[in-house]
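Okay, here's the structure, questions in a sec.
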Amino acid sequence: MDNSETSRPSNFIKDIIDEDIRNNKNNGQVVTRFPPEPNGYLHIGHAKSICLNFGLAAEYKGRCHLRMDDTNPEKENVEYIESIIRDVKWLGFDWGEHLYYASNYFEQLYQWALLLIKKGLAYVCDMTPEEVAATRGTPTVPGKESPGRKRGVEENLDLFGRMRAGEFPDGSRSLRARIDMASPNMQMRDPVLYRIKRAEHHRTGNAWCIYPIYDFAHGQSDYIEGITHSICTLEFEVHRPLYDWFLDQIAEPGRVRPRQIEFARLSLGYTVMSKRRLLELVETGFVTGWDDPRMPTISGLRRRGYTPESIRDFAERIGVAKADNIVDAALLEHCLREHLNRRAHRVMAVLNPLKVVIENFPDGKTEELEAVNNPEDEAMGKRPLPFTRTLYIEQDDFREDPPSKFYRLSTGREVRLKFAYYIRCTDIVKDSSGTVIEVRCTYDPETRGGWSKDGRKVKGTIHWVSAEHALPAEVRLYDHLFTVSEPESSKNSAGYKTYLNRDSLKVLHGCRVERSLAGAAPGSRYQFERIGYFCADAEDSRPDRLVFNRTVSLKDSWAKIEKKA
RNA sequence: UGAGGUGUGGCCAAGCGGUAAGGCAACGGGUUUUGGUCCCGUGACCCCAGGUUCGAAUCCUGGCACCUCAGCCA
């Protein structure tokens with residue numbers, strides 16, 4: 001049984017829900033929702049919210065809706081809707097029949113607007129957006145009342161009807177709530193409910209030229225759907241009094257009344273998380289698209305090779321609280337390594353090949369050896385591995401002048417070729433510039449499989465491929481998008497773009513991978529022994545033209561030792 | 001000088017008056033045909049100052065710091 005996903009830690013939201021259940025509020029039901037605006041692709045921050053909302057619903061045997069918060073047609077489109085649906089599904093969540101759109105509620109919202117007008121709680125304002133802003137006041141200075149505030153019900157009804165009918169130009173009027181222009185909470189200073197906007201909506205087409213604002217749509221949508229716990233991020237905390245104010249006007253006794261609960265959004269080190277900034281990276285071409293493997297988007301992580309399980313585990317481990325936070329990117333990487341360690345097929349790949357000739361191995365001979373597919377799981381079996389006179393090893397695994405503690409190959413030294421033989425370096429060949437281009441070795445036939453009968457030990461074990469059998473491959477190495485952990489921090493006053501990591505992508509062309517990778521399916525994941533976890537790129541890899549993405553490297557304690565020295 | 005929030009080890013985060021969980025990172029050590037995995041070990045008096053109490057990270061008072069709000073975005 002996978003314990004990591006069944007025993008979840010507690011958090012303040014669960015405390016609230018537990019309390020509600022104790023009080024039999026909403027008959028003990030729990031209904032949540034994930035309400036993205038389809039104006040961009042989902043990112044790891046959304047994943048936190050998705051896991052939270054769907055997770056709570058599952059845990060409390062309730063349900064979770066997927067709702068497109070599509071009240072602003074200018075910024076939204078179907079491409080985004082489709083990507084959201086794909087990403088939430090990929091993460092492993094199921095909303096059943098409960099896919100909704102705020103735009104489905106436009107008529108109901110309009111009726112509620114009429115209700116507010118009739119109650120004298122909403123009015124048509126004739127000011128432009130600029131005028132509204134200019135009269136809103138400041139946190140310490142009360143705003144000025146709009147002239148429209150004094151209008152009678154009949155006139156407001158007439159004007160609002162004509163707004164809907166398209167009699168007024170965009171931005172010339174708005175419907176506003178009549179609350180309190182002197183409220184210390186800026187959100188309560190007669191907030192706009194409807195704006196005139198002649199934009200074709202991706203679902204309602206041209207049926208409307210007025211669209212409700214977030215505050216007038218969200219809580220009501222929750223109410224319509226019977227949401228019990230409406231979970232959102234901290235910046236909406238100051239909107240809660242308004243959320244409740246609208247419900248006060250429309251809620252009927254006996255019906256589920258949603259409660260808004262706010263938690264701290266996720267920030268991750270060495271990246272940015274706002275859709276605006278991610279969009280900017282896409283549009284300026286710094287990345288190849290929303291699914292660029294360097295992006296913190298769900299689609300980017302997927303293409304990079306992340307698994308849904310590892311992302312869910314991550315969401316679990318970071319917890320849910322109200323304190324602002326920036327999570328260490330190493331935690332995400334840890335979750336991925338932990339998941340893949342147990343299930344990734346091991347394979348040998350040489351990223352930077354160095355030719356090795358085994359002088360005492362017959363030319364033209366091929367010997368089939370046996371390799372373990374995953375030492376963590378015997379059931380994954382073994383595979384044959386061809387061994388020949390000419391091999392490739394990693395350039396990093398040979399040093400002409402080995403530093404102390406370096407126990408890989410060097411002149412006169414012996415190492416083990418994983419699953420093959422002990423080899424000893426006898427000589428090296430250099431080119432005119434003095435670079436080592438070939439290593440001459442002898443092998444010990446008595447060490448077949450990598451064991452020595454005489455009990456002799458070797459310090460190092462390195463990976464290799466047979467030159468004759470290896471397949472060429474392109475390998476893409478990714479690094480953080482930014483050079484600093486907090487590109488948006490006020491301390492980094494130069495602006496986040498200054499910290500873009502120009503070396504976040506490094507493409508290697510002459511890589512050599514073992515024969516068994518022939519025909520690797522796009523998207524398939526492997527561990528390249530001693531290097532890291534890789535996946536065949538879902539877009540660019542072909543069975544006969546392999547392209548691999550490095551998802552995450554293995555931990556490398558040698559690199560640490562070397563760095564210290 | 002308004003309102004709403006938040007402050008527990010490098011990063012997250014439990015704790016809900018009884019004497020500081022856990023994870024990641026870091027650093028030691030052991031095992032190892034991946035310098036991987038795995039195993040063992042190492043760190044906090046809880047923003048500050050008072051107060052209540054036999055006893056406070058948890059309660060009270062007063063400070064300080066940081067975040068959010070002045071879109072007809074969400």
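All chains are named by letter (A, B, ...) in the order of the sequence lines, taking the proteins before the strands, and each is independently numbered beginning at 1. Just the heavy atoms: all of them, side chains too, but no hydrogens, waters or symmetry mates, feed the values below. Computed from a predicted model, the values in this text were never measured in an experiment.
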With hydrogens left out and only the distance checked, is there a donor-acceptor pair under 3.5 Å joining Arg342(A)'s side chain and the base of U37(B)? no

Could you run through nucleotides 40-47 of chain B and give me one letter per nucleotide, 5' to 3': B if any protein heavy atom sits under 4.0 Å from the base, S if only the sugar-phosphate is that close, - if neither? --------

Closest of C12(B), A3(B), A70(B) to the Asn325(A) side chain is C12(B)

Report the relative orientation of the aromatic rings in Trp290(A) and Tyr41(A); use parallel for angles under 30°, tilted for 30 to 60°, perpendicular for over 60°. parallel

Taking atom P in both U68(B) and C54(B), what distance in whole Å separates the two? 44 Å

What is the distance, to the nearest angstrom, from the CZ atom on Arg277(A) to the P atom on A74(B)? 19 Å

When you get a sec, tell me which of C69(B), U34(B), G5(B) is the closest nucleotide to the side chain of Glu237(A)? G5(B)

Work out how far the P atom of U58(B) is from that of U8(B), and round it to whole angstrom. 13 Å

When you measure from the side chain of Pro375(A), which nucleotide among A3(B), U37(B), U34(B) comes out closest? U34(B)

Secondary structure string for RNA chain B (Watson-Crick or G-U under 3.5 angstrom, | for other-strand pairs): .(((((((.[[[..)..(...]]].(((((.......)))))....[[[[[..)....]]]]])))))).....

Quick test of your reading of the model: are Glu367(A) and Arg448(A) salt-bridged, counting only N-O distances below 4.0 Å? yes

Can you tell which of A25(B), C24(B), U34(B) lies closest to the side chain of Glu529(A)? U34(B)

How is Arg317(A) classified with respect to the nucleic acid when contacts are heavy atoms under 4.0 Å: base, sugar-phosphate, or nothing? sugar-phosphate

Nearest-neighbour nucleotide for the Leu554(A) side chain, U34(B), A3(B), A70(B) considered: U34(B)

Proximal nucleotide (of C16(B), U37(B), A3(B)) relative to the Glu376(A) side chain: U37(B)

Nearest-neighbour nucleotide for the His334(A) side chain, A74(B), U34(B), C24(B) considered: C24(B)

With a 4.0 Å cut-off on heavy atoms, is Ala133(A) in touch with a base, just the backbone sugar-phosphate, or nothing at all? sugar-phosphate

Should we count CD of Glu378(A) as having more than 12 external heavy atoms under 6.0 Å? no

Residues in ring pair (Phe, Tyr, Trp, His ring centres under 6.0 Å) with Trp558(A), at least two apart? Phe406(A)

Interatomic distance at P, A14(B) relative to C47(B), whole Å: 14 Å

Applying side chain to side chain contact (heavy atoms under 4.5 Å, CB included), can you list everything that pairs with Ala199(A), at least two apart in sequence or on another chain? Pro73(A), Glu74(A), Lys197(A)

Touch check for Tyr211(A), heavy atoms < 4.0 angstrom, all strands: base, sugar-phosphate only, or nothing? nothing

Describe the nucleic acid contact of Lys197(A) in one word from base, sugar-phosphate, nothing, applying a heavy-atom distance below 4.0 Å. sugar-phosphate

From the list Glu368(A), Glu514(A), Glu370(A), salt bridge (charged side-chain N to carboxylate O under 4.0 Å, His left out) with Arg383(A) holds only for Glu514(A)

Glycosidic conformation of G30(B), syn or anti, with 90° from 0 as the boundary? anti

So does Ile227(A) get a backbone contact from the side chain of Asp222(A), meaning a donor-acceptor N/O pair under 3.5 Å? no

Centroid-to-centroid, Tyr243(A) to His239(A), below 6.0 Å? no

Counting only heavy atoms not in Lys14(A) (residues, nucleotides, ligands), do more than 12 fall under 6.0 Å from its NZ? yes

Starting from C1' on C12(B), measure out to CG on Leu332(A) and report it in whole angstrom. 13 Å

Is the shortest side-chain N/O distance from Lys75(A) to OP1 or OP2 of A74(B) below 4.0 Å? no

In whole angstroms, the gap separating P of C73(B) from CG of Asp170(A) amounts to 11 Å

Students often get this wrong, so: under 4.0 angstrom with heavy atoms, is Arg337(A) touching a base, only sugar-phosphate, or nothing? nothing

Please report, rounded to the nearest Å, how far the C1' atom of C24(B) is from the NZ atom of Lys555(A). 9 Å

Should Lys322(A) be listed as having a side-chain N or O under 4.0 Å from OP1 or OP2 of U68(B)? no

By nearest atom, which of the nucleotides A26(B), A70(B), U68(B) is closest to the Lys560(A) side chain? A26(B)

Applying a 4.0 Å non-hydrogen cut-off, can you work out what Met188(A) is touching in the nucleic acid: base, sugar-phosphate, or nothing? nothing

If you compare every side-chain N and O of Thr71(A) against the phosphate oxygens of A74(B) (OP1, OP2), does one of them come in below 4.0 Å? yes

How would you label the contact of Gln527(A) with the nucleic acid (heavy atoms, under 4.0 Å): base, sugar-phosphate, or nothing? base

Both conditions, 6.0 Å and 45 degrees, for the charged tip of Arg277(A) above the ring of Tyr496(A): are they met here? yes

Give Arg346(A) one of three labels, base, sugar-phosphate or nothing, depending on what nucleic acid heavy atoms sit under 4.0 Å from its own. base

Just the rounded figure in Å: distance from P of G36(B) to CE of Met348(A). 18 Å

When rounded to whole Å, the CD1 to C1' distance for the pair Ile326(A) and C11(B) reads 9 Å

Between A3(B), G2(B), U37(B), which one does the side chain of Asn185(A) approach most closely? A3(B)

Closest to the side chain of Met186(A), out of C72(B), G2(B), G4(B), is G2(B)

Need to verify one output field. Residue with the more 5' nearest nucleotide on RNA chain B, Trp558(A) or Asn11(A)? Asn11(A)

Ignoring backbone atoms, establish whether Arg265(A) has a side-chain N or O less than 4.0 Å from OP1 or OP2 of A74(B). no

Tell me whether Arg456(A) forms a cation-pi arrangement with Tyr422(A), defined as NZ or CZ under 6.0 Å from the six-membered ring centre and within 45 degrees of its axis. no

Ring centre gap for Tyr223(A) and Phe246(A) strictly below 6.0 Å: no

For the pair made of CZ in Phe263(A) and C1' in U68(B), what is the distance, rounded to whole Å? 15 Å

Dump the intermediate steps for side chain to side chain donor-acceptor pair (under 3.5 Å) on His65(A) and Glu225(A), then the final yes or no. CA-CA 8 Å; His65(A) 300 177; Glu225(A) 295 178 16; 2.7 Å; yes

Applied to residues 313-336 of chain A, the ring pair (Phe, Tyr, Trp, His ring centres under 6.0 Å) test, sequence neighbours excluded, yields none

For Arg276(A) and C73(B), is the shortest distance between a side-chain N/O and OP1 or OP2 below 4.0 Å? no

Mind telling me whether Tyr421(A) and Tyr443(A) have parallel, tilted or perpendicular rings, with 30° and 60° as the class edges? perpendicular

For nucleotides 7-10 of chain B, which of its nitrogen or oxygen atoms have a protein nitrogen or oxygen under 3.5 Å away, and what is each distance?
none

Phosphate OP1/OP2 of C72(B): any Arg136(A) side-chain N/O under 4.0 Å: yes

So Phe12(A), base contact, sugar-phosphate only, or nothing? Heavy-atom distance under 4.0 Å. nothing

Select base, sugar-phosphate, or nothing to describe what Tyr407(A) touches, counting heavy atoms under 4.0 Å on all strands. base

Just how far, in rounded Å, is C1' of A74(B) from OH of Tyr80(A)? 14 Å

